[in-house]
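Everything on this sheet refers to the single structure shown next.
Below, all heavy atoms of this structure are taken into account, side chains as well, without hydrogens, waters or symmetry copies. Just so we're on the same page: letters track the sequence lines, and every chain starts at 1.
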Amino acid sequence: MEKSATEENKPLNFIEEIIDNDLKAGKYESILTRFPPEPNGYLHMGHAASICLNFGVAKKFGGKTNLRFDDTNPVAEDVEYVNSIQEDIKWLGFEWANVFYASDYFDTLYDYAVQLIKQGDAYVCDLTSEEIAQQKGTPTEAGKNSPYRNRSVEENLDLFARMKAGEFKEGEKTLRAKIDMTSPNMLMRDPLLYRIKFAHHHRTGDKWCIYPMYDFAHGQSDSIEKITHSICTLEFVPHREVYDWLIAKLGIYPSKQYEFARVNVNYTVMSKRKLLQLVNEKHVNGWDDPRMPTISGMRRRGITPTAIRQFCEKAGIAKREKINEFSLLEFCTREHLNKIALRRMVVFNPIKVVITNLENEISLDIENNPEDENGGKRHVIFTKEIFIEKDDFVETPQKKIFKMEVGKAIRLKGAFIVTCTNVVKNEDDTISEIHCTYHENSKSGNDKSGIKVQGTLHWVSAQYAIPVEIREYDRLFKVENPSDEEGDFKDYINENSLNVIPNAYAEPVLQQATLEHHFQFLRKGYFYLDKTSTAEKIIFNKTVGLKDNWSK
RNA sequence: UGACCGAUGGUGUAACGGUAGCACAGAAGUUUUUGGUGCUUUUAGUUGAGGUUCGAAUCCUUGUCGGUCAACCA
């Protein structure tokens, strides 16, 4: 078998296969895809998958991708969303060939509607919303023809023009395609093409009081732009028949629709409607709350575009509904962050350690990233008094536990081996400080002590450490698929998804942390500066923990 | 009791009539100045029943299960 030039080692997904075949058959010279968000919410992981697919296949096969806002319902849409969507796509690392709006085509769409009326393929219907629903039939029962179905072309033309002119009230009249009220496909039972809405549109202002429905906007927009492959999600499968019918009747460029399964992730929800509820009802602190599966939320949390793209790649493209495990996203995040994150030491829950044989502070240079030879080093000062994690000291010695205990030697990362000599206690029997002696010839990188230690601890200088706030996140929901449970999805919100550690002690270089860098706090996980962080109050979001085989 | 779509380890995805593979998750070992990383090993799968074929995850029939469709949303 001959391999095409576009083929890499891994097999093509079914969309790529279709494109590959079309190109080989000479059906198209080059392909054009589009990403068509409605600007009524922030983009989430599901959109990221669609973006990766649409922009990805175009890039792979030497084509282009348009960004098109599907803004045919002015009631829900807003420029705030238009801006955030563009920012998110760019951040993810993709470039569109053009930015278009379905609203750019309102004039053309109107002309198309007139054409359909003239051909006898559309009519103005006076039925109310309820009446239409009633006459539509059910999936197992045919619908009935509207009494207005056989109006003359002249009357339809006149009525439609008057709809546009604003002579009728909202809901009073609609334009419907004349297809087949007995079709087993409910969407083919004379679908609505236009409805009256006296709403201000974010782009066209008050020019229009009639707006096209999805079915009379999306496929037509695709066609106008000469989109070759219009890729959408599974719920649009039944719309394909309408899509093809309208394009055929109009005799316009035959874009083709292909459907794939949307990407879901467990323990969260992936619908703009539900995410909007979480925002509006303050279950989270906005669309970009680091717990949200939105692109902006993931960005704020410290997940990288590379990780998201990798996740989408690994999650794959298929035709069946699926829920991916969050652990796959965590894996992709760790995989990338391990390579780029600067290593730092931060003590979350401190206990004081006094190095009794150390009088003068010692200056150390510790590697920024053991995975990066060119990563350089940062300056850290070892002082007589330091903090370690309270959890890293145990009073009762245990085997196979790599912690500090009286009489035992242990390595302080990047510094020296210390031997714990004794502890000083408070009146209530709690430990006030731990005393250790350090071994001068055991300096990191130049250890001549010959002492074998089990374990290495992170630490900060008590004198130089800076206070930082740490925000740790857990899954947003207590169940894998909240939408699949009894009752409201919000009943399954994990109340403990945010854990704030207001006073952690960080090594001083973290004072200069910016959004440019991702960090790994040794033995803790990956962290990223929160966008609200200031010099006075430094805040870090936990992106993801380190993989931990031991605690299990 | 309609139409359409789908069904491969716990999860996701390959195999295009010819050895069921990969990744994540899980387990074990190894390395390690992060209980991180790396490396090695390993557990586990074709929805049931028929049929076609030398040979079926793949083709056919049928059952079962899951999803979608009755918004003037997209």
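Using atom C1' as the reference point in both B:U40 and B:U46, the two lie 29 Å apart (nearest Å). Using atom C1' as the reference point in both B:G45 and B:G38, the two lie 29 Å apart (nearest Å). Between B:G9 and B:A57, the distance separating the two C1' atoms is 14 Å to the nearest Å. Nucleotides B:A27 and B:A20 have their P atoms positioned 29 Å apart, rounded to a whole Å. Comparing the P positions of B:G17 and B:A23 gives an interatomic distance of 25 Å, to the nearest angstrom. A distance of about 13 Å separates the P atoms of B:C16 and B:U58, rounded to the whole Å. B:C54 and B:A70 are spaced 49 Å apart, taking the P atom of each and rounding to whole Å. Spacing of P atoms, B:G48 relative to B:U41, comes out at 31 Å, to the nearest Å.
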### Query
How far apart are the C-alpha atoms of A:Ile196 and A:Lys173, what are their side-chain angles, what is the distance that settles it, and do they pass the side chain to side chain contact (heavy atoms under 4.5 Å, CB included) test?
CA-CA 7 Å; A:Ile196 299 169; A:Lys173 284 186 168 45; 4.3 Å; yes
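Comparing B:C69, B:C72, B:G26 by their nearest atom to the side chain of A:Lys547 picks out B:G26. In the set B:C72, B:A74, B:U34, the nucleotide with an atom closest to the side chain of A:Thr72 is B:A74. Comparing atom distances between the A:Ser444 side chain and each of B:G36, B:U33, B:G35 picks out B:U33 as nearest. If you check B:A15, B:U34, B:A71 against the side chain of A:Lys413, the one that comes closest is B:U34. The side chain of A:Glu325 has B:A25 as its nearest neighbour among B:U33, B:A25, B:U13. Side-chain proximity of A:Asn73 to B:A74, B:G36, B:U33: nearest is B:A74. Distance from the side chain of A:Ile401 is smallest for B:G35 among the nucleotides B:A25, B:G35, B:C73. Out of B:A74, B:A23, B:U68, the shortest distance to the side chain of A:Arg195 is found at B:A74. Nearest nucleotide to the A:Gln520 side chain, out of B:G36, B:U34, B:G2: B:U34. Nearest nucleotide to the side chain of A:Phe331, out of B:A74, B:C24, B:G36: B:C24.
Between A:Ser129 and B:C72 there is a side-chain N or O to OP1 or OP2 distance below 4.0 Å. Within the 4.0 Å cut-off from OP1 or OP2 of B:U11, not a single side-chain nitrogen or oxygen of A:Lys322 is found. Residue A:Asn549 has a polar side-chain atom (N or O) positioned under 4.0 Å from OP1 or OP2 of B:G36. Of the side-chain N and O atoms in A:Arg523, none sit less than 4.0 angstrom from OP1 or OP2 of B:U32.
At the heavy-atom level, A:Leu522 lies under 4.0 Å from base atoms of the strands shown. Heavy atoms of A:Met213 sit under 4.0 angstrom from primed sugar atoms or phosphate atoms, though from no base atom. Backbone-only contact: A:Glu38 has heavy atoms under 4.0 Å from sugar-phosphate atoms and none from a base. A:Leu329 comes within contact range of no nucleotide atom at all, as no heavy-atom separation falls under 4.0 Å. Nucleic acid contact class of A:Gly445 (heavy atoms, under 4.0 Å, all strands): base. Looking at heavy-atom distances under 4.0 Å, A:Thr456 makes contact with sugar-phosphate atoms alone, never a base. Using a 4.0 Å heavy-atom cutoff across all strands shown, A:His458 reaches no nucleic acid atom at all. In this structure, A:Asn338 reaches the bases: a heavy-atom distance under 4.0 Å links it to at least one base atom across the strands shown. Counting non-hydrogen atoms under 4.0 angstrom, A:Arg273 reaches nothing in the nucleic acid. Nucleic acid contact for A:Gly414: base, since at least one base atom lies under 4.0 Å from a heavy atom of the residue. Using a 4.0 Å heavy-atom cutoff across all strands shown, A:Pro370 reaches at least one base atom of the nucleic acid. At the heavy-atom level, A:Glu141 lies nowhere under 4.0 Å from the strands shown. Base engagement by A:Glu371 is indicated by at least one non-hydrogen atom pair under 4.0 Å involving a base atom. Residue A:Ile317 is classed as a sugar-phosphate contact, given heavy-atom separations below 4.0 Å to backbone atoms only.
With a cut-off of 3.5 Å on both Watson-Crick or G-U wobble distances, the partner of B:U34 is given as none. B:G45 is unpaired under the criterion used here, namely a Watson-Crick or G-U wobble arrangement in which both key atom distances are under 3.5 Å. Look at B:G21: its Watson-Crick or wobble partner, with both distances under 3.5 angstrom, is B:U13. In this entry B:C4 has B:G67 as its Watson-Crick or G-U wobble partner, both defining distances falling under 3.5 Å. The pairing partner recorded for B:U40 is B:A28, the criterion being a Watson-Crick or G-U wobble arrangement whose two distances lie under 3.5 angstrom. Shown here, B:C73 forms no base pair; nothing in the strands shown gives a Watson-Crick or G-U wobble contact with both key distances under 3.5 Å.
A salt bridge between A:Glu225 and A:Arg34 is absent, with no side-chain N of the basic residue lying under 4.0 Å from a carboxylate O of the acidic one.
Note: A:Tyr438 and A:Phe416 have perpendicular aromatic rings, judged against thresholds of 30 and 60 degrees for the angle between ring planes.
Side chains of A:Gln310 and A:His336: no donor on one and acceptor on the other come within 3.5 Å. Under 3.5 Å, the side chains of A:Asn264 and A:Lys322 contain no donor-acceptor pair of N or O atoms. Under the 3.5 Å distance criterion, with hydrogens and angles disregarded, no donor-acceptor pair is assigned to the side chains of A:Lys448 and A:Ser442. Of the N and O atoms on the side chains of A:Tyr526 and A:Gln520, at least one donor lies less than 3.5 Å from an acceptor on the other residue.
Of the inter-residue distances, the one linking A:Phe106 atom CZ with A:Asp71 atom CG reads 5.5 Å to the nearest 0.5 angstrom.
Of the candidates A:Phe519, A:Phe540, A:Phe348, A:Phe527 forms a ring-ring contact (aromatic ring centres under 6.0 Å, His included) with just one, namely A:Phe348.
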